[in-house]
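Each remark here refers to the structure printed beneath this line.
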Amino acid sequence: MRRPSGSVVSSLVLLALLACGTSRTGNPAGAASRASPDTAATRGTAGCPTHKLAFTQETGCQNDGAVEFCVPKDAPAAHAEVKRIAPSVSTMASGGRAGCDTATETLFLYPTHEAACTSRHGALTDTAWNELCQLAALPEVRRIVPTWYE
């Protein structure tokens with residue numbers, strides 16, 4: 001009896017994998033990879049535009065009770081999206097630490113109270129960090145900075 005060559009075996013293995021609908025990683029063919037709950041994506045670091053954040057998740061509550069950002073006044077869809085992502089935000093008629101142009105921009109404040117922080121002046125919770133990452137991903141948001149009152 002003749003044995004199949006290595007290339008024939010490789011081809012058969014490939015066909016079997018394709019027939020089962022799995023890739024070499026074990027994911028169903030064409031399916032998006034699902035990360036485990038303890039991954040960077042869940043913590044908000046993967047895909048988060050951290051270059052727009054003047055803090056990290058660990059230092060996100062080192063402020064006077066909020067972080068802030070500007071959104072153009074003539075962008076009602078962006079205002080609605082901000083409220084959809086983070087219903088707890090408020091607005092203020094000021095330039096704030098974010099340096100909004102009060103003639104053309106609205107200052108938004110994202111509160112960093114007990115629900116958003118692991119401890120007073122501690123880290124942001126995963127939920128708060130993910131919301132801030134979503135806000136930073138909005139093209140209308142240039143930068144998110146800590147609030148400091150004087």
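For the numbers below, each heavy atom of this structure counts, side chains included, while hydrogens, waters and symmetry mates do not.
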Check your understanding: Shared ILVMFWY cluster between Y110 and I85, side chains joined below 4.5 angstrom?
Key -> yes
**Study point:** Residues forming a salt bridge (Lys or Arg N to Asp or Glu O under 4.0 Å) with R84, sequence neighbours excluded
**Key:** E81
Practice item. Verify, without hydrogens or angle tests, whether D64 (side chain) and Y149 (backbone) share a donor-acceptor contact under 3.5 angstrom. Key: yes
Practice item. Please lay out, stage by stage, how Q62 and F55 fare under the test side chain to side chain contact (heavy atoms under 4.5 Å, CB included). Key: CA-CA 9 Å; Q62 294 175 9; F55 48 85; over 6 Å; no
Check your understanding: Is the closest side-chain donor-acceptor distance between N63 and T147 under 3.5 Å?
Key -> no
Revision key, fill the gap. Heavy atoms of P49 and C133 approach each other most closely as CD-O, 3.7 Å
Check your understanding: OG1 of T91 to CG of L107: how many Å apart, nearest 0.5 Å?
Key -> 8.0 Å
Check your understanding: Any donor and acceptor pair, going by atom type alone, linking the side chain of K52 with main-chain N or O of V141 inside 3.5 Å?
Key -> yes
Check your understanding: Any side-chain heavy-atom pair from V89 and L109 closer than 4.5 angstrom?
Key -> no
Exercise for review: Show the numbers, then the answer: is there a side chain to side chain contact (heavy atoms under 4.5 Å, CB included) between F69 and L138?
Suggested key: CA-CA 11 Å; F69 54 95; L138 296 174; over 6 Å; no
Point to revise | Expected output: side-chain T50 to main-chain L53 donor-acceptor under 3.5 Å | key: no
**Study point:** S88 OG to H113 NE2 distance, which is reported to the nearest 0.5 Å
**Key:** 8.5 Å
**Study point:** Greater than 12 external heavy atoms within 6.0 Å of E58's CD
**Key:** yes
Review point. Taking side chain as C-beta onward, heavy atoms only, is C61 less than 4.5 Å from R120?
Key: no
Check your understanding: Of V71, L135, I144, V67, which meets side-chain contact (heavy atoms from CB on, under 4.5 Å) against F108?
Key -> V71
Check your understanding: Side chains of Q57 and D126: closer than 4.5 Å at any heavy-atom pair?
Key -> yes
Review point. Between atom NE2 of H121 and atom OG1 of T112, what is the distance when rounded to the nearest 0.5 Å?
Key: 8.5 Å
**Study point:** Partners passing side chain to side chain contact (heavy atoms under 4.5 Å, CB included) against A54 (at least two apart in sequence or in another chain)
**Key:** R143, V145, P146
Point to revise | Inter-residue atom distance E140.CD - D74.CG, 0.5 Å rounding | key: 9.5 Å
Residues 93-102 side chain polar contacts: donor-acceptor under 3.5 Å, at least two apart:
{"from": "S94", "atom 1": "OG", "to": "G96", "atom 2": "N", "distance (Å)": "3.0"}
{"from": "R97", "atom 1": "NE", "to": "W148", "atom 2": "O", "distance (Å)": "3.1"}
{"from": "R97", "atom 1": "NH2", "to": "W148", "atom 2": "O", "distance (Å)": "3.4"}
{"from": "R97", "atom 1": "NH2", "to": "E150", "atom 2": "OE2", "distance (Å)": "2.5"}
{"from": "D101", "atom 1": "OD1", "to": "A103", "atom 2": "N", "distance (Å)": "3.0"}
{"from": "D101", "atom 1": "OD2", "to": "T104", "atom 2": "OG1", "distance (Å)": "3.3"}

